[in-house]
2 protein chains.
Amino acid sequence: MTCTFTGLSGFPLTPLKDESVDEAAFAGLVERSAAAGVDSITALGSTGSYAYLTPAERACVANLAVEHAGDTPVLVGVGALRTSHVLTNAEAAQAAGAAGLLLAPMSYQPLTDHDVFELYRAVTVATDLPVIVYDNPGTTHFEFTHELYARIAELPGIASIKIPGVPADPEAAREHVGAIRAVIPEHVTIGVSGDASAATGLNAGCEAWCSVIGGTLPEPALAITRAAQEGRAADAFAESERLAPLWDLFTKFGGSLRVVAAIAEQLALAPRGCLPLPIQPLSDDQRARISGVLDSLVLN
Amino acid sequence: MTCTFTGLSGFPLTPLKDESVDEAAFAGLVERSAAAGVDSITALGSTGSYAYLTPAERACVANLAVEHAGDTPVLVGVGALRTSHVLTNAEAAQAAGAAGLLLAPMSYQPLTDHDVFELYRAVTVATDLPVIVYDNPGTTHFEFTHELYARIAELPGIASIKIPGVPADPEAAREHVGAIRAVIPEHVTIGVSGDASAATGLNAGCEAWCSVIGGTLPEPALAITRAAQEGRAADAFAESERLAPLWDLFTKFGGSLRVVAAIAEQLALAPRGCLPLPIQPLSDDQRARISGVLDSLVLN
């Protein structure tokens, strides 16, 4: 992979079984996304439960992802609360054959802009791999400013910035993405996350989609991505609208992770109860609702 | 220790030196608090950087704390993002000779009340030690309701609930503490944290103070605690007011941890730059301000 990070990146779950990584299930998810034709696979994103896994589990998952992705480039999430642990994860990811690193500024004590800039500096100094800035305030509780995006994006090795969901209004989304684009170098791409707003983000100029469903249900994610890439904005939006019942479940059932885990379990892609505790599985009632939505969207 | 958790608990830093625990500096902080006469020492609280340390480092710190605390009971923070890791930490703390466990619901993915209740249930089932509920939303990003306090407090083995800072107004603080007291069993004590509001919290009926300065500057913390315990509410409040310039620094310089680390460094109780990266040390200007405050308060 060059330093250009674009298109659809599928974020597979890291399914657990009896507190250990279910290696076969994980390999299956990676193969499924690669076979569908995603542009990259990001192992150990938030969807991949990176924050909950030991360094040894993470190295194992990075290796499995590269082994099973074929020619599809694999990005690996290396975030950790402590900088030295991030560097260890980065080394393991590089050894596994990762094409790039995804790094979120995980926090326990609230972080300053200075802390976060120095974190990215330390990692870009330590690795030759392209680094994707992972802005996910719902989990990291760190709020990037555009000024900080700009400072970090100028570090050599920064390839992309993954931003949280964009405004729902297309014009507002375009202004939002344009304002970020205006302050970062041209070679640094912008990736959108928040699956419900991905079509709007891609239509507004984001070059990549870091996709939760892309790791479990890659086809509809590809339909949205290819439409947006080919300038068929209305088609991208229509496919996303078709999936609105799914996005609604993300909101109602405590976030995309719990819902996508339940979907993977339902489709026998992961064992029942595949998320790390303390994250409790959804209830039988909630699973029935999910099942109904999958049926109605013909996603099963 | 019985299941009654009361009085002053000093929270020592876990100073690092070149990315490893500075065992001598940590032992010195524990001995200093024990010699001053604190009622307990809580190793591996937020002030002790528990969230940043490996399981092996945490086991080492728990052992050192018990070794150097003499007759003073030692509580050990066992929080982790994953329940199985919490249980491992709890086992290590019990093996080290801890008198109780402190547990915060650390989060990466947002947690539900059901997740958090089941976390506490799992830990109380797995250990014979008293467990202190550690409500610290500024770091965990989980918000307890009084209803959840009540449900968790009824689990066998729950000894105390450590609440965040209380309202500044004494009457509002009394109502706040009373409302919690009304929904939890009598044997479960309430501990206040947030050093600036500790005098108000103790005067309002909190039975314990989980104290950041108690781990580094135990004397003024003891003066406040003993005054409140002896019914000298005005004296407790006056001593806290005297320390207002210190509380102001906590607010101005990004929280108590960075300031207390700088104080410990200044007093040669910890090596320079003792916090885990990415947490950057305070600047020389900030350190000069802290030094001035220490001089004016005769805390050096």
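Lettering follows sequence order; numbering is per chain, from 1.
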Is it the side chain or the backbone of [X] that comes within 4.5 Å of chain B heavy atoms, both, or neither?
X	value
A/Leu16	side chain
A/Phe117	neither
A/Leu257	side chain
A/Leu53	both

Expected output: side-chain B/Arg82 to main-chain A/Glu19 donor-acceptor under 3.5 Å: yes
Closest contact, heavy atoms only, B/Thr83 versus A/Pro278: OG1-N, 3.1 Å
Residues which pass ring pair (Phe, Tyr, Trp, His ring centres under 6.0 Å) with A/Phe253, listed by chain and number, not counting sequence neighbours: none
Greatest number of heavy atom pairs closer than 4.5 Å to chain A - which of B/Val86, B/Ile279, B/Val116, B/Thr54: B/Ile279
Heavy-atom pair count under 4.5 Å with chain A, highest-scoring of B/Thr140, B/Leu81, B/Thr139: B/Thr139
Among A/Glu118, A/Arg258, A/His85, residue most engaged with chain B (heavy-atom pairs, under 4.5 Å): A/Arg258
Choice from A/Pro110, A/Gly254, A/Ala51, A/Pro276 maximising heavy atom contacts with chain B below 4.5 Å: A/Ala51
Geometric class of the A/Tyr108/B/Tyr52 ring pair [parallel <30°, tilted 30-60°, perpendicular >60°]: perpendicular
Side chains of A/Ser46 and B/Gln109 in contact at under 4.5 Å (non-hydrogen atoms): yes
Interface moiety of B/Tyr120 toward chain A, non-hydrogen atoms closer than 4.5 Å: neither
Interatomic distance, B/Leu119 atom CG to A/Gln280 atom CD [nearest 0.5 angstrom]: 9.5 Å
